[in-house]
Amino acid sequence: THKDSAILNFRPNAIVVMGVSGCGKSSVGEACAQALGWMLHEGDAYHAPQSIAKMRAGVPLTDADRAGWLDRLAALLEPRPGAAGVVLTCSALRRKYRERLRAGNPRVGFVFLGLDYGQALGRVQSRAGHFFSPALVADQFATLESPEDEPGVLMLDATRPVAELAQAVVHWLHGDGLAARPSSSLTGDNA
C-alpha cells in the first residue's frame, strides 16, 4: 500500500530517546549523538524552573506544566537546512506528547528504552545530584502509554549495555529502516 511504501522510504533526521526516568535516556542519547555525528539536546535542560522544583519535591507535573516544555523541545527538532540531525532525550510518556514532538518534525523517529518498575526505581535511587525524585517513578509508569504500535519507533531493552543500544539505533537508522521491527534479541523481555 501507499502507507507501507511511505514508511519504507521514511528516514529520520532526528530521534527522540524516550522512556521512564532511569531508563538511560541521557547515556544512550549521548552515545547515539556521538555515533551519528548529530547534535544532542537533553530534554531535562529545557524544563521551567518551577517544574524542576515540583519534581525535586516529588510532585508530578501536569499537562499544563509540560506544554511550554514540549513546545521548546518540538522547536529543537525542527529541520534546519544543512544542519546535522538531532538526538533529543525526553520521557515522551504519552502519545499526545509524542504527537506534539512529531508536529515539530514529521521525520522524527522514537527510540523507546523499556525496563520494569524495580529496575527504574533502583537506577533513580542510585543517581546522585539529579532533581528527579524517586517518588515519581510509579507516576511515570502510570502515565506511560507504550509507543509499540506507533510507526517510526524502535523498542529496546534498556538493561542492555549502552554501546549495544547505540549500535542498534545506528543500524536501525542506516540499515533496514523504520519499517523493520527489531529482533527479539534487541527488545528483550522488558521492552
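We use all heavy atoms of the structure for the numbers below, so side chains are in, but hydrogens, waters and symmetry mates are not.
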Could you check whether any side-chain heavy atom of Phe110 comes within less than 4.5 Å of a side-chain heavy atom of Leu154, counting everything from C-beta outward? no
May I ask you to test the Lys96-Asp63 pair for a side-chain heavy-atom distance under 4.5 Å? yes
With the 4.5 Å side-chain cut-off for hydrophobic clustering, are Val111 and Leu40 part of the same group? yes
Please find the pair of heavy atoms, one from Ala158 and one from Leu165, that lie closest to each other, and give the distance. O-CD1, 4.1 Å
Taking all non-hydrogen atoms of both residues into account, name the closest pair between Gly22 and Leu115 and its distance. O-CD1, 4.0 Å
Below 4.5 Å, heavy atoms only, C-beta onward: do Val137 and Tyr117 meet side chain to side chain? yes
Determine whether Pro147 and Phe112 make a side-chain contact, defined as any pair of heavy atoms from C-beta on separated by less than 4.5 Å. yes
Is any side-chain heavy atom of Leu61 less than 4.5 Å from a side-chain heavy atom of His47? yes
To the nearest 0.5 Å, how far apart are CG in Asp65 and CG in Leu70? 11.0 Å
Tell me, with the steps shown, if Lys25 and Asp44 meet salt bridge (Lys or Arg N to Asp or Glu O under 4.0 Å). CA-CA 11 Å; Lys25 293 183 293 289; Asp44 283 345; over 6 Å; no
Does any part of the side chain of Tyr97, heavy atoms only, come nearer than 4.5 Å to the side chain of Arg66, both counted from C-beta? yes
What distance separates Gln50 CD from Ile52 CD1, expressed to the nearest 0.5 Å? 9.0 Å
Hydrophobic cluster membership, with links at side-chain heavy-atom distances under 4.5 Å among I/L/V/M/F/W/Y: are Val108 and Met39 in one? no
Between Trp172 and Ile15, which heavy-atom pair has the shortest distance, and what is it? CZ3-CG2, 4.3 Å
Within the structure provided, determine whether Leu93 and Arg98 are in side-chain contact (heavy-atom separation under 4.5 Å). no
Distance-only side-chain donor-acceptor flag, Gln140 / Ser91, under 3.5 Å: no
Taking atom CG of Asp116 and atom CG of Leu121, what is their separation to the nearest 0.5 Å? 10.0 Å
Side chain Arg80, main chain Glu78, donor-acceptor under 3.5 Å: yes
Which heavy-atom pair separates Leu144 from Val20 by the least distance, and what is that distance? CD2-CG1, 4.4 Å
I'd like to check Val17 versus Leu88 (side-chain heavy atoms, cut-off strictly below 4.5 Å). Are they in contact? no
Pick from Thr89, Val86, Val87: which one makes a side-chain contact (heavy atoms from CB on, under 4.5 Å) with His41? Val86
Under the side chain to side chain donor-acceptor pair (under 3.5 Å) rule, what do Glu42 and Ser26 come out as? Steps first, then yes or no, please. CA-CA 7 Å; Glu42 180 67 46; Ser26 296; 2.8 Å; yes
Which value, rounded to the nearest 0.5 Å, describes the distance between Leu173 atom CG and Arg11 atom CZ? 8.5 Å
Going through the checks in order, is the side-chain contact (heavy atoms from CB on, under 4.5 Å) test met by Val169 and Leu156? CA-CA 9 Å; Val169 172; Leu156 294 175; 4.0 Å; yes
Does the distance from a Lys or Arg side-chain N to an Asp or Glu carboxylate O, for Arg160 and Asp157, drop under 4.0 Å? no
According to a 4.5 Å side-chain heavy-atom criterion applied to Ile, Leu, Val, Met, Phe, Trp and Tyr, with indirect links allowed, do Met155 and Phe141 form part of one hydrophobic cluster? yes
Taking all atoms of both residues into account, what is the closest heavy-atom pair of Leu77 and Ala14, and its distance? CD2-CB, 3.9 Å
Do you know which two heavy atoms are closest between Val170 and Ala35, and how far apart they sit? CG2-CB, 3.8 Å
Could you tell me whether Arg102 and Glu99 have a side-chain N and a carboxylate O separated by less than 4.0 Å? yes
